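First comes the structure, then the notes that go with it.
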Amino acid sequence: MAGAPLPPSNGGTSWSRLKTPLLLPTWAMIGVFLLIPVLLMAVYSFLTKEFRGGVIWDFTLAAYDQFFFNRGLFGDEPPVIEWTYISIFWRSIWQAGLATVACLLVGFPTAWFIATRPPSQRSVWLFLITIPYWVNLLIRTVSLKFLIRDNGPLNEFLMGLGVITDPLPLVNTNLAVQLGLFYSYLPFMVLPIYAAVERYNFALSEAAADLYAPRWTILREVVLPVVKPGIVAGCLLVFVPSLGAFLAPDLLGGAKTYMIGSLIDEQFKGSQGNWPFGAAVAVVLMTLVLIALFLQARAAAKGARE
Amino acid sequence: MKGVRHYPGFLGITIACLVVLYAPLIVVTIYSFNDSNSITAWGGFSWRWYVDVFTGPEAERFGAAAWNSITIALIAATASTAIAVAAALAMIRGGRFRGKSATYALINLPLLVPEIVTAVATLIFFSAIGLTTGYLTILIAHITFCIPFAYLPIAARLSGIEETYEQAARDLYATRAQAFWLILLPLLMPGVISGYLLAFIISLDDFIITNFVKGAGMETLPTAIFGSVKQGIKPNIMAISTLMLAVSVLFVTLSYFVNRIGQKTRT
Amino acid sequence: MKRLFTTAAAFALMAGAAQAEGKLSVYHWFEYIPQELVDKFEAETGIEVTIDTYDSNESMLASLKAGKLGQYDVAVPADFMVKIMGDEGMLDTFTPEEMTNLGNIAPQWLDVPFDQGRKSSIPYQWGSTSFSVNRDVYPGDISSLSILFNPPEELKGKINVLDSQNEVLILGSLYLGIPQCSTDREQLKALNDMLLAAKPSWASFGSDTAKEVLVSGDAAAGMIYNGFSAKARAEGANVEYSYPKEGHVLWMDNMVLLKDAPNRENAIKFMNFLLVPENAAAVTNYAAYSSGVTGVEPFLDDAIKNSPENNPPAGITPGVFAQACDAETQKFYDAIWTNLKK
């Protein structure tokens with residue numbers, strides 16, 4: 001395709017001359033209504049905290065100092081590295097990562113199944129996946145908790161079947177949090193992958209099958225590279241929101257430990273009222289994700305060139 | 001032919017996936033008919049919460065909240081999908097240009113910023129520029145944070161469509177607009193639908209940001225539901241949720257039949 | 001698209017117009033005032049009431065600080081938050097001549113530490129925070145806070161505590177017998193260590209779910225507000241609310257007159273309205289806590305009037321209000337809470 005002569009009218013790629021007007025709405029909306037406020041927040045992370053919320057316009061690194069250094073309960077011991085927040089980050093990243101893998105393992109086959117239905121049925125399947133999300137997340141999570149509690153329907157069902165003799169303790173465990181995150185974000189994996197697979201040209205698979213490639217090899221070697229943009233999009237849409245999620249950890253996990261989301265929330269809405277610190281935690285989080293995004297985009301570009 | 005499209009177990013996983021998605025909703029529906037005040041202990045069958053939703057003292061408020069939620073979600077999903085389609089055309093079809101990575105980061109920014117930070121920062125910004133909080137501010141905030149949810153599926157789809165289709169149309173003297181509306185957009189449609197649906201459910205579910213940028217007297221369903229902390233969730237919330245489900249099912253059924261009629265007339 | 005924005009702008013204008021003549025803008029907890037009472041006020045005065053809601057004292061403070069002050073006439077902060085808002089200059093004051101029903105406030109709620117002589121606030125509802133135990137699971141003695149902080153074997157791993165720094169740390173301090181806002185290092189260290197040792201016995205932290213977990217059986221004991229516990233009992237859980245011998249937390253939600261209130265006169269009318277015993281009783285019947293107004297008894301439902309949660313037995317240790325510590329001291333308590341949740 002690269003060598004195909006382009007019609008002269010095109011001037012390179014077809015939409016390149018229009019890219020400024022096409023991007024203008026995005027720049028305007030996000031640039032004005034999000035970037036400016038977020039930059040303001042980034043500035044806040046370097047200001048002095050006002051007691052009980054708010055900021056005083058005096059420059060300080062106190063928020064970052066609190067994040068990275070531990071000076072003891074009374075703040076007068078020699079500073080050592082503070083592991084509290086790093087471990088909260090690690091815990092959140094780990095859980096978001098597991099939720100993403102779970103969503104991918106279930107989401108990909110589901111998306112594939114939908115994409116191989118007759119065209120007239122496909123949008124119905126998509127709606128079937130999204131209908132549950134008309135019910136508020138809080139209500140869905142509360143109901144999920146109802147199902148999995150010790151004397152809840154799931155345990156009674158399993159005990160009735162004789163699979164288990166004692167109820168599985170699920171509520172207030174990490175497994176429940178995983179289930180909650182999986183449940184919160186599944187369509188965000190299914191839909192982008194569906195959009196990519198639907199476009200997949202099955203003649204490629206047939207050609208491979210004609211060459212006696214086993215089916216799972218075809219999936220791995222032929223299909224995956226082609227639908228990768230959809231998978232990457234899905235993973236982003238599940239992983240990043242999961243990082244900041246706090247409903248599933250709080251309601252299903254028992255909120256015994258902070259997650260990134262609840263840690264930041266506490267600084268603005270909780271009794272600690274430490275806006276600069278909340279802003280600093282957010283800045284660290286955004287920096288980490290931006291670096292990851294940048295690396296992923298570079299790898300993708302490198303992959304495309306090869 | 002069939003072999004390469006079908007993998008063993010995929011149907012099973014899809015069904016399992018639907019069971020997981022719908023099982024909690026069965027709980028919601030059952031407890032909306034609970035006669036007692038509890039959402040965990042069963043007290044017999046009753047329609048009282050549905051009566052309460054329509055005629056109770058708070059009927060007006062919940063009605064307004066549901067109306068606000070649905071209209072905001074529709075408008076925000078439509079606007080953000082349109083913005084996302086335009087952005088995807090420029091990003092995927094626009095070649096290399098200066099500031100492309102920065103624009104990519106900008107598009108994804110709403111995803112990266114923790115919601116509470118967006119909420120507080122946006123409210124401070126709105127106050128600073130003197131914008132009164134209300135319907136409009138909720139709408140602006142929703143359109144903004146919906147953009148990446150619409151963009152990512154659309155861009156993923158667009159990057160899978162070869163440029164040859166549009167080029168062929170252009171070679172046949174189609175204008176750029178014709179090539180877009182008649183060739184590219186239909187090919188893009190699964191991505192557009194996916195993006196639209198994701199933007200819609202994200203907007204419909206948002207609590208944290210809405211709670212900060214809404215003004216006096218403005219309520220959406222999530223803010224109304226999350227607010228019920230002092231008294232605990234009552235079955236009337238379950239009744240409202242069930243009604244929302246009913247509306248969505250109605251919506252889907254209608255679109256299915258409209259779709260079928262459309263296909264019949266085409267053939 | 002243009003039309004869409006015009007419509008949206010019209011909506012925004014409508015929202016803005018809520019501050020004109022004959023209006024009242026209330027910032028309130030959700031489901032904390034019966035709609036019938038609001039309707040009654042509107043019918044009596046012709047004033048149109050709009051209610052905006054929040055989900056915690058702190059998020060109300062945050063959104064007022066972020067720019068919403070000047071949009072609302074009244075809000076309903078808890079005791080310590082009244083003090084904080086007063087110190088921050090976010091409250092307006094009224095005179096006894098304006099607040100004609102000031103005399104209806106029960107004498108013990110008139111001179112409160114968070115608003116001496118009631119210059120900016122009136123009582124809304126008050127109650128207590130301690131804990132409840134499911135008597136089917138644990139029939140033993142529940143007169144001590146050790147149920148929470150050093151629980152008997154039957155209750156280990158079945159306890160829910162409120163996800164609220166203030167309440168947990170104050171009850172912990174009461175248990176150890178140390179004062180609030182202590183700056184004594186030994187005491188703070190002891191509090192920190194005691195909480196860390198108790199945490200493994202707890203199943204979950206949750207405020208909004210405090211009632212639910214008791215009704216469903218997810219927890220067999222839980223830190224809880226008295227009215228909330230009464231509701232759990234009404235929903236069929238065999239729970240008993242304890243007034244522990246070490247003491248308990250008292251709290252009072254108050255309606256305050258906000259600074260820069262757009263409809264100050266109507267706000268005063270509304271506050272006077274809420275001080276009428278019949279109206280105060282209507283709030284209590286709805287919320288199941290206690291009002292701070294004299295003469296409400298004839299209007300109360302029997303179940304509320306006689307509930308064991310609202311009528312502590314004679315001779316119990318009196319409750320304490322949360323104190324608003326100064327910034328330096330609060331730091332230590334913040335650190336203890338972060339330690340507990342890390």
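Note on naming: letters A, B, ... go to the chains in the order of the sequence lines (proteins, then strands), and numbering restarts at 1 for each one. For clarity, every value in this text was computed on a predicted model and none was experimentally measured.
- Annotation for C:K68 and B:K214: closest pair NZ-O, 2.7 Å, computed over non-hydrogen atoms.
- To the nearest 0.5 Å, the span separating CD1 on C:I51 from CD on B:E219 amounts to 9.5 Å.
- The candidate from B:I116, B:T78, B:L123, B:I124 with the greatest count of non-hydrogen atom pairs under 4.5 Å with chain C is B:L123.
- Looking at every heavy atom in both residues, C:S59 comes nearest to B:F212 through O-CZ, 4.5 Å.
- Across all non-hydrogen atoms, the minimal contact from C:T53 to B:N211 is O-OD1, 3.8 Å.
- Few gaps surround CH2 on B:W42; more than 12 heavy atoms of other groups in view lie less than 6.0 Å from it.
- Counting non-hydrogen atoms of other residues, nucleotides and ligands closer than 6.0 Å to CD of B:Q178 gives a total above 12.
- The heavy-atom pair separating C:G67 from B:S127 by the smallest distance is CA-OG, 3.5 Å.
- In this structure, C:E265 places its CD atom where only 12 or fewer heavy-atom neighbours from other residues, nucleotides or ligands lie under 6.0 Å away.
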